[in-house]
**Student:** 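Dumping the structure here so I can ask a few things about it.
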Amino acid sequence: MLQLMSRNATNKGELTRRELFSKASASTVAIMLSQFALPDLVFPGEEPNEEPVPFLKLPRVTRKMLDWETLDNWLTPQDQVFDVHHYNEPALDASKYQLEISGLVERPLTLTLDDVHKRAVGEELMTLECSGNGASAGFMGAVYNSRWTGTPLAPILKAVGIKPAATEVVFFGSDSKVETIHDVKVDVPFGRSMSIEDAMNLRILLAYARNGKPLERRNGSPLRLIVPGWYGIANVKWLKRIEVRNRRYMGRFMGRDYVTLRGERHGNEVVFVESSVARMNLKSIIARVTRRPKQNGSIPIKVYGAAWSDGTEIAKIEVQVDGGPWQAARIDATPRSKYSWVFFSLGLDGLRPGKHVVVSRAIDVKGRTQPTAKDDEIALKKTYWEAYQQVPREFELLA
Amino acid sequence: MRNRDLTTDHAAKVSNAIRDAVRPRTWRRTVMVRALAVASVLFVVGDYAFPADETTNPRVTAAGTEFGAIEGAIAYRNDPNHKWRLARYYLKSPKTGELAEAVVALNGQTLKRFASPRKPTVTSIDQKEMRFVPETVAIGAGDRVRFTNSDPQTHNISLGDPRLRFSDTIAPGQEAVETFAKASGIRHPFALGCTFHSQMQGWIYVFDHPFFEVTKSDGRFRLEHVPPGDYRLEVAHAAGELQASRAIHVEPKTTVKIDFILTPADRSPAE
C-alpha cells in the first residue's frame, strides 16, 4: 500500500524529526525520496517575450484560493490553498489527541498521534477539489495539488478485523454543531461514510503533513482523511473516530447536502435522481493565455491549463478558439501522478486583435468527455455541486 | 471648517448686533437685529442640518485661507525576485506602477483636535461573487458601514478584533450596519472576513481626523485644509501588505508635493 516516490518538490531538511523517526522504525517498506528541483516555470516552453493576457469579467482572486492566471507550481503553495468548514474549526491539542477505530470490529483500537506517526509512512500525490468549485464565477480556485504524508488506512482496518456483518465505514470529525433535524435539536459531529470495499481499496491515507509541513488547523490538523480521487467533502478533517457499521450512515453531508440532483433520460422520460457526492469528475480548465508581438497582422497566443479526474487516466485534452475546430493540446509528460492534475499547453496562431473565447475539454481513456454547460449531464443537474463543465475564457487582444 | 472657529465668529457677530441694538432703535435697525439673530441661528444649526458630504475632507470655510495642502501620487515598482502575485488588480500598468486602493493619511498629535462631532456618514460594502466590494475603505471614527449581500449565498462577517467585535450573518438581499466608534490608525485597520468563505478579505481604516484618502487607479491623492505644522504622511496598502511613512512640513497657503514609490522592501505583513 505504500507509494514509492521517485520525486518530491521539497527539501529533505523540511522533514520533521517525527517523520524521520517513523521512517527509521518502519519495518517493512522504505520510502525513497530523491530530490529534484522543479523548473521555475511549470509550463516548459514559456518564453521571455510571452505577455500574459488577462481574462475578462472575472472577480478578483483574493487569498486562500488558487490563482489560475499566475499558476506556476505543480504543488500548490500553502497560501493558495482553500479551506471550507461547515461546523466549527477545532483547535486540537496534539498531546491529548486520540483516534478511535471501533464499531463492528474484532479488536477496537485507540491511537495517539505518536502511535499514528510510528506506523508505516505512506505518501500520496493528490489534487483535491471542492465539489462546489466552479459553481460560480467567484468560486473557481478551490482546488490544489499536494504531497500528503501519513499512514495508510487499509492496514489499520485489517488489523482491527472487520466483522462479516459490516457494510460501511463512517469517518467522524471533531467538529460538531447543534442541528435541527426533523424539528429535533441535536448536537451532531461532522461525518462522511463509504463502503468497506472503498475504505480498503482507495489508497486512503490518514494524513498529518502537506508538502512536508504539518497540517494547518484550517486543513484539519493534526490528522485528516485523504481519499485519493474523491471530492474535498470526503476528506474528513480533524479526524476523531472511524466507526464500522452495518447500516447506511445518512448524515447531513451524505444524504441532505452534497447531494447532486440530476435529471436522467430514460426513453421518453426524464427521471430525477439524487446521489451523494463522492468521486471527482473529469475536468479541465485553461489557466492563462499569453501572447507575443503581432506578426503579419495576426497575434500568436499560447494557452496553458490543467486537467484532473478521479484517477482515471486522461487520454486527450483539446482546445477550441471562437467556436472553431477542436485542436489537441500538448500534455506535460512530467510531473505525473495518478491522482494529481496534469498540465497542458497549446500554441495558436492567426488571432486578430479583438475579443476571443477559448475553452478546453478533457477526454479520459474510457472515452468520457468533459461536457459543456448545455449538455444534459450539466443542464439537467439542478444542484450546484459537481460543476465540472467546460470553462470558456474570454480575453481581448489589443493591437 | 471647524465648529469652534465658526462659533467664535458667530459670537462676535452676535455681540456686535447687541451693541447696535443698544443704540436708539429705528425700524431699520430692529429689522436688521432680528434678521441677524435669525441668520446667526440658521448659520449654526445649518452645520447640523446640512452636514458635510461623504467625502473625507472638511468643508471649506470663509476664513480657511491659512491652511495648506498635500498632494502627490503613489506608485509601486516591482522586483522580479519578490513578485507580488496579485499586483495586476492594483497597478495601472506594471511599467508605470500607479497604485490604486492605497490609503494615504496624516499622522500627528495635533490632528486629534479635528475629531469634533459631525453627522456620521454611512459607507456601503457589498458582498458580491464572494468578494467584499470595495475591498478597502477609509472612514472617520463614529462613521458607519452598511454591509449588503448581493450573493446567492449567506455570508457571515465577523470581526474578532479586541477593539471591536461583531458577527453578522447576512442572508442574500439582507444587510447589516455597524458603527466604527474608535480610530484604527493606518497601521492596524480592521480586517474583514467571512466565517463561511475564507477567501473573502477586506479592510476598514478608521481615522480620528479628516486627513485621509484612498487612491484610485491613477494613484493620486490630495489632502486639503491641512493646518500648518509638522506631520508624518503615511501610506498603506493592505492587500499588498505595504507600508511607508515620510516626515512632512505643511506651510500656510502652500501645497506640499510628495510622491511615494513603494517596492517589495516596503512589505510589512499585517497582524
Side-chain angles (χ1 to χ4, degrees), chain A residues 40-41 48 51-73 76-89 130 132-144 175 177 216-220 232 237 257 288 383-385 395 398, chain B residues 78-95 100-101 125-136 149-158 160 167 169 172 189 191-203 217 237-241 267 269-271:
Chain A
D40 283 340
L41 298 167
E51 231 182 83
V53 181
F55 295 134
L56 303 177
K57 297 182 205 155
L58 281 188
R60 267 184 200 180
V61 170
T62 52
R63 63 180 180 194
K64 299 179 190 174
M65 58 189 293
L66 190 70
D67 182 13
W68 287 112
E69 288 181 70
T70 64
L71 182 64
D72 59 3
N73 219 312
T76 310
Q78 181 63 23
D79 67 329
Q80 289 185 63
V81 168
F82 84 96
D83 67 88
V84 171
H85 58 269
H86 292 283
Y87 293 163
N88 58 323
E89 206 179 51
C130 176
N133 191 40
S136 67
F139 198 61
M140 300 284 287
V143 58
Y144 60 94
D175 47 335
K177 188 178 172 183
E216 286 188 6
R217 177 176 163 189
R218 66 190 183 95
N219 295 132
K237 301 193 282 191
D257 285 341
R288 77 166 155 274
T383 47
Y384 70 83
W385 296 285
F395 61 94
L398 307 169
Chain B
N78 194 22
D79 172 2
N81 293 323
H82 297 95
K83 276 195 297 196
W84 177 11
R85 183 180 286 277
L86 301 179
R88 65 189 188 268
Y89 297 124
Y90 308 101
L91 299 192
K92 196 163 194 171
S93 92
K95 293 186 184 98
E101 299 173 49
I125 295 180
D126 190 22
Q127 294 162 99
K128 190 171 163 61
E129 289 171 319
M130 306 248 202
R131 310 287 183 272
F132 288 114
V133 182
E135 187 178 70
T136 299
N149 186 356
S150 299
D151 266 345
Q153 302 94 355
T154 294
H155 292 298
N156 171 284
I157 308 179
S158 56
S167 175
T169 298
L192 297 174
C194 172
T195 312
F196 306 135
H197 307 105
S198 63
Q199 66 195 61
M200 292 177 70
Q201 65 188 27
W203 295 274
S217 59
H237 198 286
E241 298 179 324
R267 283 202 84 221
E271 290 176 8

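Note: hydrogens, waters and symmetry copies are ignored here, and every other heavy atom, side chains too, is used. In this text the structure is predicted, and so the values were computed from the model without any measurement.
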**Student:** Counting heavy-atom pairs under 4.5 Å with chain A, which one of B/Q153, B/R88, B/M130 comes out on top?
**Tutor:** B/R88
**Student:** Could you look at A/E89 and say if it's the side chain, the backbone, both or neither that has a heavy atom under 4.5 Å from chain B?
**Tutor:** neither
**Student:** For a quick test of reading the model, state the closest non-hydrogen atom pair linking B/L86 to A/T62 and the distance between them.
**Tutor:** CD1-O, 3.5 Å
**Student:** Does B/P172 have any side chain to side chain contact (heavy atoms under 4.5 Å, CB included) partners at least two apart in sequence or in another chain, and if so, which?
**Tutor:** B/N149, B/T154
**Student:** Restricting to salt bridge (Lys or Arg N to Asp or Glu O under 4.0 Å), what partner residues turn up for A/R60, sequence neighbours left out?
**Tutor:** B/E101, B/E135
**Student:** If you compare all heavy atoms of B/G193 against all heavy atoms of A/R63, which two are closest, and at what distance to 0.1 Å?
**Tutor:** CA-NH2, 4.1 Å
**Student:** Between A/E69, A/H85, A/H86, A/R218, who has the most heavy-atom pairs with chain B when the cutoff is under 4.5 Å?
**Tutor:** A/E69
**Student:** With a 4.5 angstrom heavy-atom cut-off, which part of B/R131 approaches chain A: side chain, backbone, both or neither?
**Tutor:** side chain
**Student:** Are the side chain of B/Q199 and the backbone of A/F139 linked by a donor-acceptor contact shorter than 3.5 Å?
**Tutor:** no
**Student:** With only heavy atoms counted, which part of B/Y90 is less than 4.5 Å from chain A, the side chain, the backbone, both or neither?
**Tutor:** side chain
**Student:** Please state whether the side chain, the backbone, both or neither of A/S136 comes within less than 4.5 Å of a heavy atom of chain B.
**Tutor:** side chain
**Student:** Nearest 0.5 Å please: distance from the CD atom of B/Q201 over to the CE atom of A/M65.
**Tutor:** 9.5 Å
